[in-house]
Amino acid sequence: MASLQSLRGMVDLLPEHTPLWQRVESTARGHFRRAAIQEIRTPLLEVTELFARGIGEATDVVGKEMYTFLDRGERSCTLRPEGTASVVRAVIQHGLLSQGPQRLWYGGPMFRYERPQAGRQRQFHQIGLELLGFADARSDVEAIVIAWDLLADLGVGGLALELNSLGSADDRARYREQLVAWLEVHRHQLDADSQARIHANPLRVLDSKHPDTQVLLAGAPALADALSEESQERFAQVQAGLDALEIPFVLNPRLVRGLDYYSHTAFEITSSQLGAQATVCGGGRYDGLVQQLGGPATPAVGWALGMERLVLLLSQGAAVPAQPLDLYVVSRGAAAEALALPAARLCRRAGLAVECDASGAAFGKQFKRADRSGARFAAVIGDAEAAEQVVVLKDLRSDRPEQRLPLAELVGALRAGLEAPPRA
RNA sequence: GCGGGCGUCGCCAAGUGGUUAAGGCAGCGGCUUGUGGCGCCGCUAUUCGGGGGUUCGAAUCCCCUCGCUCGCCCCA
């Protein structure tokens, strides 16, 4: 193919689809505003080390999915594969935590070099929430309820909240030892992927989809049993909080999540309608990350929501209509054409949505386009009108007669006209 | 990185070895040089993702390649 194409896994969002995205974005903004959460925007490009240290060297994301390159200063740079590390970096860099806990959200493109499939692109978009400086189980619940209510408000049905606790760092370390020891004993019965992960990332073995491995795992030491009393109490509080808000959830002891920084609460919101990539929103607590990246010891919870997957679910329902046009300006002849844009501008300044036909085509053509544009009204300007500085206002959606009026009266007439019902 | 499916006009799509590559939608032009929605007429792929091969002859068969897609893996 001779013509240029977008890079694999990097998709264009065409005008017919942007209204739905805009609806999601503005709905999310509303939820964040009402929950006193402020927006933060960070660069798309960061020093590679941030992600290597933050997300974990052993993770798939860091190990094989990052867009990494040397810039002209020979510095290793990486297109962000997720949002949390950048937000934490920014919060540390600007000393935001010295002003107290931070309630933040972010949105935008993320990049992961993976094979594209349904619900998975190389450039994809997330909206994320981070609550930094909050240790209490209630903040876990609040983070979850914000995501839950946002999805409900958007009208996404058929969602399931899956919940697990990974325990404290100590719990995990202790459990990790037990698990590795057990896995070593059963090494020969594991699938190849799981064998490779015994030391690199043993908890991920729990989440293996290999059927034989899953059967075997029934006899493995359980993470839940390794939790300290405090961790168990904490997890119970999260569950009680969700119960109190009547948010249904299912416990999933195999939910471990792929990023190293999680501790205690881990959760995913999934849909059965998404195919293989079922997770719409995933998150959890990451009490160690801020300190690990050089900041003050700071407890935190957060989540990220996949826009493409969400939109996929939404677009199975009713389409969002584009905003209708109020007026379409039709003009022909030099004097008339000179008047068209000023007339359109006048109406736009009054808040009306106006398209101005600049083709100079025959009136018939312009009316055809006016009709197809969906505009309620057409303003017609020919040489006769131009000479008198008037326009003809025609209701395209009713049988009411045309009005001939001076430019100064156009906006008023339009506003009055828009009140009247269109043809059924 | 590994499997499976697919690739004919902007979109949908017929055609499966015989030479002029159906049709529909959209678009453009006309009937209709100041009034749209309907209708009618016309135009829009020397070419079938790209390259190579087989053949007298290929969109149709073979090879390579690119892309899309679904799944594995992983994750949002």
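So you know, we letter chains A, B, ... as the sequences are listed, proteins then strands, and number each from 1.
- Taking the P atom of each, C31(B) and A13(B) are spaced 36 Å apart, rounded to whole Å.
- Protein atom CD of Glu162(A) is 13 Å distant from nucleotide atom P of A76(B), rounded to whole Å.
- The structure places SG of Cys77(A) at 12.5 Å from CG of Leu44(A), a figure rounded to the nearest 0.5 Å.
- Distance check on atom C1': U60(B) versus U19(B) gives 13 Å, rounded to whole Å.
- Nearest nucleotide to the Arg204(A) side chain, out of C75(B), G34(B), C73(B): C75(B).
- Only the C1' atoms considered, G4(B) is 36 Å distant from U46(B), to the nearest whole Å.
- As rounded to whole Å, 12 Å separates atom C1' of G1(B) from atom CD of Glu114(A).
- Distance from the side chain of Val380(A) is smallest for G34(B) among the nucleotides A76(B), G34(B), G36(B).
- Nucleic acid contact class of Glu65(A) (heavy atoms, under 4.0 Å, all strands): sugar-phosphate only.
- At a threshold of 4.0 angstrom between heavy atoms, the contacts of Gly282(A) are confined to the sugar-phosphate backbone, with no base atom among them.
- Across Asp326(A), Asp395(A), Asp371(A), a single residue satisfies salt bridge (Lys or Arg N to Asp or Glu O under 4.0 Å) together with Arg376(A), and that is Asp395(A).
- The separation between Glu16(A) atom CD and G10(B) atom C1' is 12 Å, rounded to whole Å.
- Stacking annotation: Phe367(A) is stacked on the base of U35(B) (ring centroids less than 5.5 angstrom apart, interplanar angle below 30 degrees).
- Of the side-chain N and O atoms in Arg115(A), none sit less than 4.0 angstrom from OP1 or OP2 of C70(B).
- The 5' end of RNA chain B is approached more closely, in terms of each residue's nearest nucleotide, by Met10(A) than by the other of Met10(A) and Asp60(A).
- More than 12 heavy-atom neighbours from other residues, nucleotides or ligands sit within 6.0 angstrom of CD on Glu388(A).
- When rounded to the nearest whole Å, the span between CZ of Phe363(A) and C1' of U33(B) equals 11 Å.
- For the C1' atoms, the distance from A59(B) to G17(B) is 10 Å, rounded to whole Å.
- Between the CZ atom of Arg369(A) and the P atom of G34(B) there is a distance of 13 Å, given to the nearest Å.
- Side-chain contact annotation: Gln22(A) with His17(A), donor-acceptor N/O pair under 3.5 Å absent.
- Other residues, nucleotides and ligands contribute only 12 or fewer heavy atoms inside 6.0 Å of the CD atom of Glu177(A).
- Distances shown here put a side-chain N or O of Arg372(A) below 4.0 Å from the OP1 or OP2 atom of G27(B).
- Atom name C1', nucleotides G23(B) and C9(B): the rounded distance is 13 Å, in whole Å.
- Residue Leu150(A) contributes atom CG, which lies 17 Å from atom P of A76(B) at whole-angstrom precision.
- What separates OH of Tyr328(A) from P of U35(B) is a distance of 17 Å, to the nearest Å.
- Here, U65(B) and C41(B) have their C1' atoms 45 Å apart, quoted to the whole Å.
- Listed nucleotides A76(B), G34(B), C74(B) differ in distance to Tyr262(A); the shortest reach to its side chain belongs to A76(B).
- Looking at heavy-atom distances under 4.0 Å, Ala378(A) makes no contact with the nucleic acid at all.
- Relative to the side chain of Gln5(A), the nucleotides G37(B), A76(B), G67(B) differ in distance, and G67(B) lies closest.
- A distance of about 38 Å separates the C1' atoms of C28(B) and C70(B), rounded to the whole Å.
- Gly283(A) comes within 4.0 angstrom of no nucleic acid atom, judged by non-hydrogen atoms across all strands.
- Spacing between atom CD of Glu308(A) and atom P of U69(B) amounts to 12 Å, rounded to whole angstrom units.
- With C72(B), C75(B), G30(B) as the candidates, the nucleotide lying closest to the side chain of Lys365(A) is G30(B).
- Mapped onto RNA chain B by nearest heavy atom, Tyr113(A) and Arg332(A) fall at different nucleotides, with Tyr113(A) at the one closer to the 5' end.
- The partner of G29(B) is C41(B), by the rule that a Watson-Crick or G-U pair needs both atom distances under 3.5 Å.
- Across every strand in view, G1(B) sits in a pair with C72(B) that passes the Watson-Crick or G-U test at under 3.5 angstrom.
- Across all strands shown, Ala370(A) has no heavy atoms under 4.0 Å from either base or sugar-phosphate atoms.
- Judged by the 6.0 Å and 45° rule, Arg112(A) forms no cation-pi pair with Phe124(A).
- Straight-line distance between the C1' atoms of U44(B) and G51(B): roughly 28 Å, to the nearest whole Å.
- When only modelled atom types and interatomic distance are considered, His31(A) and Asp153(A) share a side-chain donor-acceptor pair under 3.5 Å.
- Taking a pair to require two hydrogen-bonding distances under 3.5 Å in either a Watson-Crick or a G-U wobble arrangement, U20(B) remains unpaired.
- The side chain of Gln117(A) places an N or O atom within less than 4.0 Å of a non-bridging phosphate oxygen (OP1 or OP2) of G71(B).
- Contact annotation: Arg8(A) side-chain N/O to C68(B) OP1/OP2 distance is under 4.0 Å.
- Set against G34(B), C73(B), A76(B), the side chain of Ala304(A) has A76(B) as its closest nucleotide.
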Go through the steps for Asp136(A) and Ser139(A) under the test side chain to side chain donor-acceptor pair (under 3.5 Å), then give the verdict. CA-CA 6 Å; Asp136(A) 199 272; Ser139(A) 52; 5.9 Å; no
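- Under the Watson-Crick or G-U wobble criterion, with both distances below 3.5 Å, U60(B) is left unpaired in every strand shown.
- Put simply, the side chain of Glu402(A) and the base of U35(B) share a donor and an acceptor less than 3.5 Å apart.
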